[in-house]
Amino acid sequence: PAEPTLVLRLKFLNDTERLARVRPGDTVGALKRTYFPGQEQQVRLIYQGQLLRDDTQSLAGLHLGHLSVLHCHLSPASVAPTAPGTPGPRSPAPAALGVGSLALPLFVLLLALLWYLQLQHRHVFTATATTCLAGLTLLVTFVAFAMYRR
């Protein structure tokens, strides 16, 4: 008798899904080879919050049911490590600095200049201007922490 087939839902980070027809006796590695040819080392399969590390484990051992969801994460291709003393592949050139990457440091520099001027020339700054400067400083501080916390 032929082994029954299961249909699994392969769900990706961008919320797209693929259906995979497998047999319960298939292994995690066979699933990767069939549905991710050439990318077996980059694909990570997650079932019920557990990373499936063992490629020799059978799908029946995971107690997968019909239409079970396997979450799939494809990491970018990594460069194979080279032995010490052998020249490795050249690293890619650094990305050019864009205006977006310079905006926050420029705002911080501008705020530092404004605070210096406020401390040196108090008579020019009204209470409202000083309050606005303090509020702007807080806003830029929150944005900076949010950007660099990633």
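The figures that follow rest on heavy atoms only: side chains count, while hydrogens, waters and symmetry mates do not.
Hydrophobic clustering (ILVMFWY, side-chain heavy atoms < 4.5 Å, transitive): L45 and F12 are in one cluster. At a threshold of 4.5 Å between side-chain heavy atoms, the hydrophobic network of Ile, Leu, Val, Met, Phe, Trp and Tyr places V143 and L133 in one connected group. Cluster membership check: L74 shares its hydrophobic cluster with V28, using side-chain heavy-atom separations under 4.5 Å among Ile, Leu, Val, Met, Phe, Trp and Tyr.
Minimum interatomic distance between L6 and G65 (heavy atoms only, all atoms of both residues): CD2-C, 4.1 Å.
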Identify every side-chain donor-acceptor pair in residues 104-123 under 3.5 Å, counting partners at least two apart or on other chains, and give the distances.
unit_1: W115; atom_1: NE1; unit_2: T137; atom_2: OG1; d: 2.8
unit_1: Q118; atom_1: NE2; unit_2: T130; atom_2: OG1; d: 3.2

Distance-only criterion, 3.5 Å: show the donor-acceptor pairs between side-chain atoms of residues 50-64 and protein atoms not counting sequence neighbours.
unit_1: D54; atom_1: OD1; unit_2: T56; atom_2: N; d: 3.1
unit_1: D54; atom_1: OD1; unit_2: T56; atom_2: OG1; d: 2.6
unit_1: D54; atom_1: OD2; unit_2: T56; atom_2: OG1; d: 3.3
unit_1: D55; atom_1: OD1; unit_2: K32; atom_2: NZ; d: 3.0
unit_1: S58; atom_1: OG; unit_2: G61; atom_2: N; d: 3.1

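The salt bridge (charged side-chain N to carboxylate O under 4.0 Å, His left out) test applied to E40 returns no partner, not counting sequence neighbours. Looking at residues two or more places apart in sequence or on another chain, you find a side chain to side chain contact (heavy atoms under 4.5 Å, CB included) between D15 and K11. Contacts of Q41 classified as side chain to side chain contact (heavy atoms under 4.5 Å, CB included), with partners at least two apart in sequence or in another chain: none.
Applying the salt bridge (Lys or Arg N to Asp or Glu O under 4.0 Å) test to residues at least two apart or on different chains, the pairs with a partner in residues 17-28 are E3-R23, R9-E17, R23-D26.
Note that OG of S75 and CD of Q39 are 9.0 Å apart. Values are rounded to the nearest 0.5 Å. How far CG of L8 is from OH of Y35: 8.0 Å, rounded to the nearest 0.5 Å.
Counting only heavy atoms from C-beta outward, the side chains of F36 and L10 approach each other to under 4.5 Å.
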